[in-house]
Protein chains: 2
Amino acid sequence: MAGPVTLSQVAREAGVSLATASRAINGSANRTVRDDLRERVLATAERLRYFPDANAQAMARGQTTSIGLIVHDIADPYFSSIAAGVSLAAERAGLAVTLASTQHTASREPRFVEVLTRQRARAIIIVGGRLDDPEANDRMRSSLVDFRRSGGSVALVGQPLLDVDSVVIANSQGAAALARALHGRGYRRFAVLGGPAKHLTARDRRTGFAGALEELGTPIDPALVVECDFTRDGGYEGMRALFAGSPDVDVVFAVNDVMAVGAIAAARALRISVPGDVGIAGFDDIVTLRDITPALSTVRIPLVDVGVTATELALAPPAADPRQVHVEGTVVLRESTPERVV
Amino acid sequence: MAGPVTLSQVAREAGVSLATASRAINGSANRTVRDDLRERVLATAERLRYFPDANAQAMARGQTTSIGLIVHDIADPYFSSIAAGVSLAAERAGLAVTLASTQHTASREPRFVEVLTRQRARAIIIVGGRLDDPEANDRMRSSLVDFRRSGGSVALVGQPLLDVDSVVIANSQGAAALARALHGRGYRRFAVLGGPAKHLTARDRRTGFAGALEELGTPIDPALVVECDFTRDGGYEGMRALFAGSPDVDVVFAVNDVMAVGAIAAARALRISVPGDVGIAGFDDIVTLRDITPALSTVRIPLVDVGVTATELALAPPAADPRQVHVEGTVVLRESTPERVV
DNA sequence: AGGCTAGTGGAAAAGGCTTCCCAGCCGGTG
DNA sequence: CACCGGCTGGGAAGCCTTTTCCACTAGCCT
């Protein structure tokens, strides 16, 4: 009685066979259904409010219509922007997105991969910097092998560590370009809020920045590269720690915007004027943070595009070897690092 | 050969029947499997890297393990915070979340409901203020009827318009409390960046605010309630429009934080000092915006909790009549609206 | 010792859909 | 006029699980 309407009901009601009803509704390739029958079926389906069961279709066709998205934290604007891109691209491709937010817990990642393996998702998009944790990466790699054996493809946004197609953000180059731009504005005494030691995205940005400074002949004092969380609070605490030593610094590079915001808050608490006493720069150019005061110098990453690209990559016909798409950032200098009058 | 491992393969390999293998693996109720057999099956499954096909399980059990989440824009921190809550609650319940982001296009909503109907999702969580658009709401209601006929339940975050369980945010009361607090701080000449006319959340906040002012004996001039988009740019343009008339105003209430940020940016462009010349307050207390300057007075809504609550509501055993859970906001006064010396 | 019950394994049905394959009918062709 | 091929409808197999139902064994009670 109750329960969803099935195709059999539609077929019976329309006076045709199951096969014909199916063909009428999803217009099978290389088979045609006589016009009057097709219309009758369509009208009946509409009248009965028939909606094909995607699970049954998935079984019959051996293919689902969903892709998985794994992020560290969907509430973080970095990830939610990329998620917006994934969602957009998925909709274009007629696919549904299954969202998994790991809350920064590495052990959840393979678990979610397994969930998506069971769902037989067409593809998984993994977003978020890898950690320098061989064991965790191995576990991930092995989950992904299982997933791909079950027919899915994978794309990664971040370091191309997992032997899968990757969208690689030019963290190192972006940070280097930022360093040169800051140097060009007259800054000479640099410090870095460097994020977690094992966080590869943070590391790439740190080393890119430091490398460029080295080349410019103003190498950074390693003591002025402080380790901290990759979050707003990390930036806050890092800044406090840094200035506890009253260092000789005219600009601080936080390895992401959210941390830079924390750093600015800390500066305020410490009565250090930004940019009067010290300039601050971030990375990512998070949209929501474009209006903070002082406006933040940063490296713009086209996050939504990154999401779209990753999705397209995952959905493209598989290649023999892992592909890599490189995405460049653009340095955006704003008030937080004005021209420095020496 | 290729393709995912099936239960039959496991059963054959372990030398038991399909039935036994199934029972061994998901420990069927009121049936036991002899220990040695169970272990053999489990070991084989592990060795073969068997992952049950969720689609097939859904068919056989007549129940899926996914819930749908429909938001206006996943990149907006308001929605992504709620999404974080939904994701959390879903994980606890062992369910996967299918994400749909409508990009503020009302016509996409029923389409996504249909997608979720086909997936036979257990529940749908719809987040986002309704519009005062009877036709769109009717279409939505009718999609939801189809969805529920196919066995799913629905919860809504927003105005309880769609005859479903709802988490109702006390927009009007929150705005009223904010108005009283601002009045208490000495403000008397109010303006409102009111959002879109038909946007019900915006409307509730506007009218709650205006109502309280009326009661306080300082009614707001309707000309000083400006209509604008519900976004950062809306706030920016609204503020410009408002001050184009050089109004006699000492505080501006933007109906959400993102708009308030836009308003502050506009004030800066117009060389209006905040809070020197005019105070600004928002609504939502978006985490990412807690560090802007000046720190924003606002009404804190526990967004993550809202997501959790909505999910729990949707997953609770169905009730005869639509339930409503009310969520109160808390006024948080910060630097953007200091005590006003008259 | 015979009959029960409890415990357990397995065959088979069911769940909704797609698609292969067969059959019927049409018109056209030699 | 018989045959052939193209078009189209329908029966049935197959996708992978769960679960019902049946069969069988072993142990217990009277």
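Note on naming: letters A, B, ... go to the chains in the order of the sequence lines (proteins, then strands), and numbering restarts at 1 for each one. Computed from a predicted model, the values in this text were never measured in an experiment.
- For A:R23 and D:dG10, a side-chain-to-base donor-acceptor distance below 3.5 Å is present, hydrogens and geometry of angles not being considered.
- The closest side-chain donor-acceptor pair between A:Q103 and A:S101 falls under 3.5 angstrom.
- In summary, the side chains of B:T20 and B:R23 do not present any donor paired with an acceptor at a separation below 3.5 Å, with no hydrogens or angles considered.
- For the pair A:R31 and D:dC7, the criterion of a side-chain N or O lying under 4.0 Å from OP1 or OP2 is not met.
- A donor and an acceptor atom, one from each side chain of B:Q63 and B:R122, are located under 3.5 Å apart.
- In 5' to 3' order, the nucleotides of DNA chain C bounding all contacts with chain A (an atom under 4.0 Å from a heavy atom) are C:dG16 to C:dC21.
- In this structure, B:D35 and B:A56 both approach DNA chain C, and ranking their closest nucleotides by distance from the 5' end singles out B:D35.
- In this structure, B:I25 places its CD1 atom 8 Å from P of D:dT18, rounding to the nearest Å.
- B:L18 comes within 4.0 angstrom of a base, heavy atoms only.
- Across all strands, B:S22 comes closer than 4.0 Å to base atoms (heavy-atom distances).
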Tell me, with the steps shown, if A:V327 and A:V168 meet side chain to side chain contact (heavy atoms under 4.5 Å, CB included). CA-CA 6 Å; A:V327 174; A:V168 181; over 6 Å; no

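- Comparing D:dT17, D:dG10, D:dC15 by their closest approach to the side chain of A:T20 singles out D:dG10.
- With hydrogens and angles ignored, the 3.5 Å screen pairs a side-chain donor or acceptor of B:Q159 with a backbone N or O of B:R130.
- For the pair B:L37 and A:Y50, both in contact range of DNA chain C, the more 5′-proximal nearest nucleotide belongs to B:L37.
- Side chains of B:R139 and B:S142: no donor on one and acceptor on the other come within 3.5 Å.
- Distance CD (A:Q119) to P (D:dC16): 17 Å, rounded to an integer number of Å.
- Counting to the nearest Å, the P atom of D:dG10 and the CZ atom of A:R12 are 14 Å from each other.
- With rounding to whole Å, A:R34 atom CZ is found 13 Å from D:dG10 atom C1'.
- Note on ring orientation: taking the six-membered ring where Trp is involved, the planes of B:H104 and B:H72 are tilted (angle from 30° to 60°).
- Between the CG atom of A:D53 and the P atom of D:dT17 there is a distance of 16 Å, given to the nearest Å.
- Here A:N55 lies out of heavy-atom contact (under 4.0 Å) with every strand.
- The CZ atom of B:R61 sits 11 Å away from the C1' atom of D:dT19 (whole-angstrom rounding).
- Within the 4.0 Å cut-off from OP1 or OP2 of D:dT17, not a single side-chain nitrogen or oxygen of B:Q57 is found.
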